[in-house]
Amino acid sequence: MIFAAEVVTGSTAWIGRGLSCVCAQRRESDARLSFDMTPSQEECLQRLQNRIDVSYDSTNKDHQDALKSLWYASFPGTELLDLISDQWKEMGWQGKDPSTDFRGGGFISLENLLFFAKNFPRSFQELLKKQNGNRALWEYPFAVAGVNITFMLIQMLDLQAAKPRTLLGAIFLKLLSENERAFDILYCIAFKLMDQQWLSMHASYMDFNTVMKATRRQLEQELLMEDVQRIEDMPSYRLLSR
């Protein structure tokens, strides 16, 4: 995989840039909705927020073990020489130390990648190895894109607010109360959908933010569908394969 060195200068070169201006079309009933939470929903949201608040700590053994697990889920049978190694570039980290790329997404972005690798291994491997479609010479880096997706979802759903402030946030909280892994599953959907958008737009490296905006619009539209009562009801869920 080839990267433009003058573009990739650190996690801030990608994370959070150009992701805040995509708005959802709200249902007509939006103005009449109350976003008050049930005690169960409050607990679900708090547990997710607790995960979001955890920064990646390269000295934490649990975090180190999770990173090792991600490697072996990604490259079964290939020994990882060290937690700081040029091998990580094969996964699409910007350098030899993945911890520097977690700043924008925190530990949950590693958890998201690991959940994807373990629960939808076929889709994960297809994206990691760029197996589908006609690819651009300048491809997006897989792992860094994953961190960006975590960041985008947190912003899109306004998950750091004390209670939902948008219809989209309220809808997602209902899905989360139905399935505590809803955020992790939505992440997998978003990653697969992003790659599909990438291919359909014949995108190259510099188009990444445009692709992310299109992905966000698609996710918002699907979450706002009347018949989406569970995260698995989203049309793009069908893109995932185990």
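Quantities reported herein were computed from a predicted structural model and do not represent experimental measurements.
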What's the verdict on side-chain hydrogen bond (donor to acceptor under 3.5 Å, both in side chains) for E232 and N179, showing C-alpha distance, side-chain angles and the deciding distance? CA-CA 10 Å; E232 294 88 353; N179 184 345; 3.3 Å; yes

Please report the C-alpha distance between N60 and F107 in whole Å, then the side-chain angles of each, then the deciding distance to 0.1 Å, and finally whether the side chain to side chain contact (heavy atoms under 4.5 Å, CB included) criterion is met. CA-CA 11 Å; N60 184 311; F107 183 59; over 6 Å; no

Residue pair W198, E139: steps toward the side-chain hydrogen bond (donor to acceptor under 3.5 Å, both in side chains) verdict: CA-CA 9 Å; W198 178 273; E139 274 290 308; 3.1 Å; yes

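Checking side-chain atoms of D82 against main-chain N and O of S85 turns up no donor-acceptor pair under 3.5 Å. The backbone N or O of A162 lies less than 3.5 Å from no partner atom in the side chain of R165, so there is not a single donor-acceptor pair. Under a 3.5 Å cut-off, the side chain of Q94 and the backbone N or O of D101 do not form any donor-acceptor pair. No donor-acceptor pair under 3.5 Å is formed between the side chain of N112 and the backbone N or O of G146.
Between W93 and F102, the ring center distance clears the sub-6.0 Å criterion.
Atoms CD and CG, on E178 and D233 in that order, are 10.0 Å from each other to the nearest 0.5 Å. Within the model, atoms CG of D227 and CE of M234 stand 11.5 Å from one another, a figure rounded to the nearest 0.5 Å. Atom CG of L175 and atom CD1 of I231 lie 5.0 Å apart (nearest 0.5 Å). The line from CE of M201 to CD of Q196 is 12.0 Å long, rounded to the nearest 0.5 Å.
A salt bridge does not link D195 with K192: every distance from a Lys NZ or Arg NE/NH1/NH2 to an Asp or Glu carboxylate oxygen is 4.0 Å or more.
A chain of hydrophobic side-chain contacts below 4.5 Å, direct or via other Ile, Leu, Val, Met, Phe, Trp or Tyr residues, connects F172 to M225. L80 is not connected to I84 by any chain of hydrophobic side-chain contacts under 4.5 Å among Ile, Leu, Val, Met, Phe, Trp and Tyr, and they are in different clusters.
Counted within 6.0 Å of CZ on R47, heavy atoms from surrounding residues, nucleotides or ligands total more than 12; the atom is thus considered enclosed.
Residues N50 and Q46 bring a donor and an acceptor atom of their side chains to less than 3.5 Å of each other. S177 and S40 share no donor-acceptor pair across their side chains, judged by distance under 3.5 Å alone.
Y72 meets the ring pair (Phe, Tyr, Trp, His ring centres under 6.0 Å) test with no other residue; sequence neighbours excluded. Evaluation of the side chain to side chain contact (heavy atoms under 4.5 Å, CB included) rule for Q218 yields L193, Q197, Q221, E222 as partners, not counting sequence neighbours.
Between K129 and the choices Q125, Q131, E126, the side chain to side chain donor-acceptor pair (under 3.5 Å) rule is met once, by Q125. The only member of F191, F116, W88 that meets ring pair (Phe, Tyr, Trp, His ring centres under 6.0 Å) when paired with F142 is F191.
Listed by first then second residue, pairs satisfying salt bridge (Lys or Arg N to Asp or Glu O under 4.0 Å) with a partner in residues 200-211 number zero, not counting sequence neighbours.
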